[in-house]
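In what follows, a single structure is set out as structure tokens and then discussed.
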Amino acid sequence: MRKKLGLGTLESRIHIFFILMLFAAIFIMQLVFFRFATTTVKRSKIENNRTLLRQLVSQIDSYIMGIDIISQKIVDDDRIQQYLETHINLDSLEKIEERLYYYMEARSDISNILIYANDGRSILGDPESKINPWTDIKESSWYNGALSENGQTSVSTAYVQNIFLGKYSWVVSLSREILSKKSGESLGVLLVDLKFNRIEELCRSLVIGEKGYDFIIDSSGAYVFHPSQQLVNSNLRKEPIYNIQKLINNTSSINYFQNNDRYFMVETSDLTNWNIVSVTHNNDIITDWKNVQVIYTLIGLVLFLIVGPVTKRISSGITEPIRKLQNIMKTVESGEFKLIGSIKATDEIRKLAYDYDIMVGRIRELMESNSREHELKRKSDLKALQAQINPHFLYNTLDSIIWMGEMGQNKEVVRMTSALSKLFRISISKGHEIITIRDEIAHVKSYLTIQEMRYQDRFRYLIDIDPDLLDLPILKITLQPIVENAIYHGIKEGNEAGFIKITSSIQEDFVLLKVEDNGIGMSQTDLKSLISGVNMIPGNSLRMSKQGMGLRNVHQRIKLYFGKQYGLTFESSPGKGSIITASIPRIKKEYNV
Amino acid sequence: MRSLYFFLLSLMASLVLFMIFSFFYGRRPPKALNLDSPIQIVLKSRKGRAMNFWEIVYQGIDEASMEFGVQVEITGPGYEKQINQQITILNRVIEKNPPLIILASTDYKRLSKPVKRAHDRNIPILLIDSGVDSNIPLSFIGTNNIDAGKKAGREMKRLITLSNRKDIAIVSHIKETTSAIDREVGARYSLKDESIIGTWYCDVEEDKAYRIVLGLLKNKDLGGIVALNEVVALGVARAISEQHAQDRVAFVAFDNAIPELTYLEEGIIKATVVQRPYNMGYLAVKTAVEYLRGEKIVSNIDTGSVLITKENMFKREFQEMLFPFSYQMP
């Protein structure tokens with residue numbers, strides 16, 4: 001499962017790690033970017049809005065101021081002053097009415113003008129309007145407002161003007177007390193009713209975005225103007241008046257607030273005490289929001305597409321040399337100690353490979369020296385074995401000599417003794433392991449002489465060696481055990497006269513020394529067990545016959561000294577005798593150990 | 001390795017998803033409503049010749065249709081009493097297969113048949129102001145007229161107890177329209193202990209109301225008149241004004257036509273029950289839009305009513321109700 005997913009490998013872990021990091025980075029960047037972008041844009045837009053809002057406030061103020069100037073002119077008008085002071089002057093009344101009508105005509109935003117004298121006389125700007133007989137002017141708020149301002153203009157909130165008969169208009173009133181220029185006495189009150197068309201125009205002209213709008217509330221929170229006045233009046237739409245009032249009273253640096261997806265800003269006009277509220281829709285603040293999103297998404301995707309494969313490259317760049325190392329190291333399992341050598345990788349990996357190589361070199365050395373020591377040990381083991389056989393043969397021979405001496409066979413005693421002497425001299429041969437074939441033949445000849453005498457012509461022998469080979473090296477005591485084997489296990493058991501023939505031949509680089517006998521031979525199973533016994537490593541628990549021990553000793557010594565391709569080969573069939581061939585290398589020079 | 005790429009792909013997908021989500025996060029603009037044809041509105045009387053009440057209903061309809069970006073087509077008979085003409089108009093409107101019909105029914109019973117026809121053609125119907133004898137319409141948007149009638153009745157009861165003339169007459173605008181029926185029921189409920197001498201119908205003709213009242217004023221025991229809509233109210237007020245009967249006859253009216261308000265200031269009308277026609281028009285279109293968008297709508301929207309007297313008419317909250325804000329006001 002783990003392997004199938006491929007999540008366990010270093011490469012995929014690095015890869016996944018990179019991808020996750022990248023993902024997190026993009027995610028965080030996006031968040032930060034948007035937070036940053038939106039706040040920056042928002043702030044600048046809001047500052048912008050504030051400028052516009054201030055502009056709007058000053059425009060409304062200057063508008064109201066303009067009307068105020070008109071009212072000032074009316075109040076200061078000599079004819080009007082005179083008319084109000086003298087109580088009766090019908091002649092000038094007509095002129096005054098004309099004058100007021102002129103202002104009405106000039107200003108389409110003036111709903112009506114009224115001069116209300118303290119004695120109850122009134123002059124109307126609109127000649128078609130009449131004073132509503134059922135209302136008491138002295139109780140209306142604009143009248144009292146004007147009186148409290150002491151000659152200054154009082155600006156009302158929005159309300160329904162009910163002093164004109166049959167007309168109920170929503171207006172904003174400017175009213176001021178008319179003071180006598182001469183005496184400073186109060187003469188009456190001037191009322192100028194304003195329609196909303198100019199205020200509406202102003203409010204609609206300075207608006208942010210598609211969904212933005214401005215509205216005006218008075219200090220009590222009542223609407224002076226709202227573009228959807230009917231809706232707010234009918235409570236079908238609600239503005240967060242409470243929050244706006246809180247914002248007005250707030251002196252801290254926070255100068256706007258957010259309600260759902262709208263931003264509210266407020267500026268108060270000192271002239272009118274109106275609070276002009278600017279509403280901006282979120283969508284209008286960041287208009288190209290979606291474009292920014294699209295671009296950002298694309299950037300993110302492109303980054304992913306680029307960095308995805310790149311991280312794969314990086315991770316495989318790290319892991320590829322490691323995998324190579326791993327493959328080479330794996331050969332150790334099969335016993336092969338390969339060196340890595342030079343490798344294209346990072347310093348760490350190269351160092352690792354270098355150290356590995358050193359380690360493998362050490363191991364190789366150790367193994368070699370180990371196997372050398374092992375060989376030496378085996379050789380000495382074999383020497384010990386070889387030495388074991390000799391005393392046995394020696395006392396048999398000495399017995400024979402003693403016996404022959406007693407019989408007075410001096411000649412035979414001499415012959416056997418000299419043969420024995422020769423045998424030992426060669427087998428010692430100054431401690432050398434390698435001797436010439438000539439010496440080896442002499443050795444085997446001495447041996448055969450002794451045996452021939454002991455067994456009293458039970459066998460004959462023939463040695464036929466190529467004279468060219470006589471000087472070639474051979475491991476000492478190679479042939480003797482073979483011959484011994486032929487005598488004890490071939491001829492001694494047989495009834496006929498035995499015959500041993502030692503011949504030589506050359507086959508390519510091999511020198512073959514063949515020992516033939518005409519003894520009883522071996523069955524196939526015996527032959528097989530002999531061959532397998534001979535090849536057995538000494539010290540193995542399998543028991544060997546003495547016959548086998550001698551042959552095995554020879555066989556393994558040859559292999560140890562000359563190599564695996566050399567050794568003994570066996571041919572035999574029951575009743576026909578055996579042929580044992582020793583193969584040794586054909587080396588010209590004397591072999592030194 | 002393939003599964004790793006699967007993982008990578010899913011990461012990318014989630015990134016894309018996140019971005020798409022953030023697109024719409026916090027910004028769910030209401031679905032724009034694309035209609036093949038305008039919403040049909042059949043009112044009681046046609047624009048241009050309407051009473052003040054219907055003029056304000058139009059304003060509400062206009063505001064809503066602008067706000068929600070839907071097209072509306074307003075039709076209706078010349079006069080409220082022309083029930084047959086309204087049926088003909090409604091049938092013609094049904095032929096146009098509009099997405100929705102808003103109906104102000106002139107007759108409780110007779111309009112139920114064309115309403116059924118519209119229903120058979122899968123045209124949804126909303127009612128404003130007056131009901132229809134059918135449970136097909138999805139919603140009724142209007143004044144709770146029984147409630148409004150009760151308010152008028154209660155005020156009349158208060159006034160009649162101050163008077164020594166105890167007879168009360170009810171002048172209704174039309175016989176079979178629910179607004180008239182319900183208001184009368186409400187008024188009679190509040191006045192159940194008083195002597196109501198009868199109900200007169202003026203067929204939504206001011207003149208007829210005027211003549212009826214001229215006749216009624218001959219009754220020396222008449223102490224109160226209740227007029228059930230503004231047309232009736234104007235006729236009644238004219239009669240009382242001409243006969244200078246305002247001191248002996250207490251008059252409670254409905255609605256807030258400008259002349260009515262002058263009569264109220266004058267003291268001829270003692271009190272009037274004011275509805276909110278603007279809200280009616282606005283909410284009718286709003287509800288229609290909500291329904292067409294597939295949102296849930298409620299079956300009854302009470303736009304409310306208020307009793308106005310001379311004393312409270314210029315109070316802030318009432319002046320906003322009585323005098324619809326309009327820049328073109330005279």
Side-chain angles (χ1 to χ4, degrees), chain A residues 4-7 11-12 15-16 19-20 22-23 26-27 30-31 34 111 132-135 140 157-160 162 165-171 195-197 200 220 222-223 225-226 228-237 260-261 282-283 289-290 293-294 296-297 300-301 304-305 308 312, chain B residues 1-9 11-12 14-16 18-20 22-24 26-29 56 59-60 62-64 66-67 256 258-259 261-262 264-267 276-283 286 303-304 310 313-314 316-330:
Chain A
K4 200 180 160 196
L5 278 169
L7 296 176
E11 179 178 351
S12 56
H15 199 181
I16 288 167
I19 294 290
L20 282 176
L22 180 71
F23 186 74
I26 289 175
F27 190 86
Q30 170 144 14
L31 285 183
F34 277 131
S111 168
N132 185 344
W134 297 285
T135 48
S140 52
T157 180
Y159 70 109
V160 174
N162 64 332
L165 185 63
K167 292 192 179 179
Y168 302 96
S169 316
W170 279 92
V171 293
K195 292 181 199 167
F196 283 89
N197 47 3
E200 186 196 9
S220 71
Y223 291 100
F225 169 80
H226 193 289
S228 300
Q229 188 104 18
Q230 290 249 44
L231 282 180
V232 290
N233 283 352
S234 313
N235 270 333
L236 293 173
R237 181 183 293 173
N260 294 329
D261 45 7
N282 207 0
N283 287 357
W289 180 275
K290 286 207 170 179
Q293 284 268 15
V294 165
Y296 209 73
T297 308
L301 275 177
F304 246 95
L305 288 174
K312 192 165 154 38
Chain B
M1 235 6 42
R2 188 190 287 172
S3 58
L4 185 71
Y5 272 101
F6 209 78
F7 178 62
L8 200 151
L9 267 176
L11 272 179
M12 280 209 270
S14 59
L15 183 80
V16 171
F18 162 71
M19 286 176 176
I20 288 168
S22 60
F23 265 55
F24 298 106
R27 280 174 292 279
R28 259 164 278 130
I56 296 160
Q59 286 180 20
D62 278 351
E63 176 82 36
M66 272 191 325
E67 181 177 334
N256 54 329
I258 293 296
L261 296 172
T262 311
L264 187 67
E265 277 201 287
E266 217 175 319
R276 315 195 88 164
Y278 184 85
N279 292 22
M280 239 180 250
Y282 180 86
L283 289 174
K286 186 172 181 240
T303 49
K310 188 181 175 179
M313 70 183 288
F314 288 105
R316 177 110 223 164
E317 65 264 42
F318 295 127
Q319 74 175 357
E320 279 170 357
M321 206 165 147
L322 282 176
F323 307 98
F325 189 92
S326 159
Y327 312 122
Q328 290 85 36
M329 284 288 283

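Because only heavy atoms are used, hydrogens play no part in the values below, and waters and symmetry mates are left out as well, while side chains stay in. Here the structure is a predicted model, which is why all the values come from computation and not from measurement.
- With a threshold of 4.5 angstrom between heavy atoms, Lys310(B) approaches chain A through side-chain atoms but not through N, CA, C or O.
- Only the side chain of Leu165(A) has a heavy atom closer than 4.5 Å to any heavy atom of chain B.
- Between the OH atom in Tyr282(B) and the CG atom in Leu236(A) there is a gap of 6.0 Å [rounded to 0.5 Å].
- Most heavy-atom pairs under 4.5 Å with chain A: of the set Glu67(B), Arg276(B), Glu266(B), this distinction falls to Glu266(B).
- For a residue to count as touching a neighbouring chain, one of its non-hydrogen atoms must lie under 4.5 Å from one of that chain's; by this rule Glu63(B) touches chain A with the side chain only.
- In this structure, OG1 in Thr262(B) is found 7.5 Å from CH2 in Trp134(A), a value given to the nearest 0.5 Å.
- Between Arg316(B) and Thr157(A), the closest side-chain pair of non-hydrogen atoms falls below 4.5 Å.
- For a residue to count as touching a neighbouring chain, one of its non-hydrogen atoms must lie under 4.5 Å from one of that chain's; by this rule Leu283(B) touches chain A with the side chain only.
- Of all the heavy atoms in Phe323(B) and Trp170(A), the pair that sits closest is O-NE1, 2.6 Å.
- Closest approach of Gln319(B) to Val160(A), counting heavy atoms only: OE1-N, 3.1 Å.
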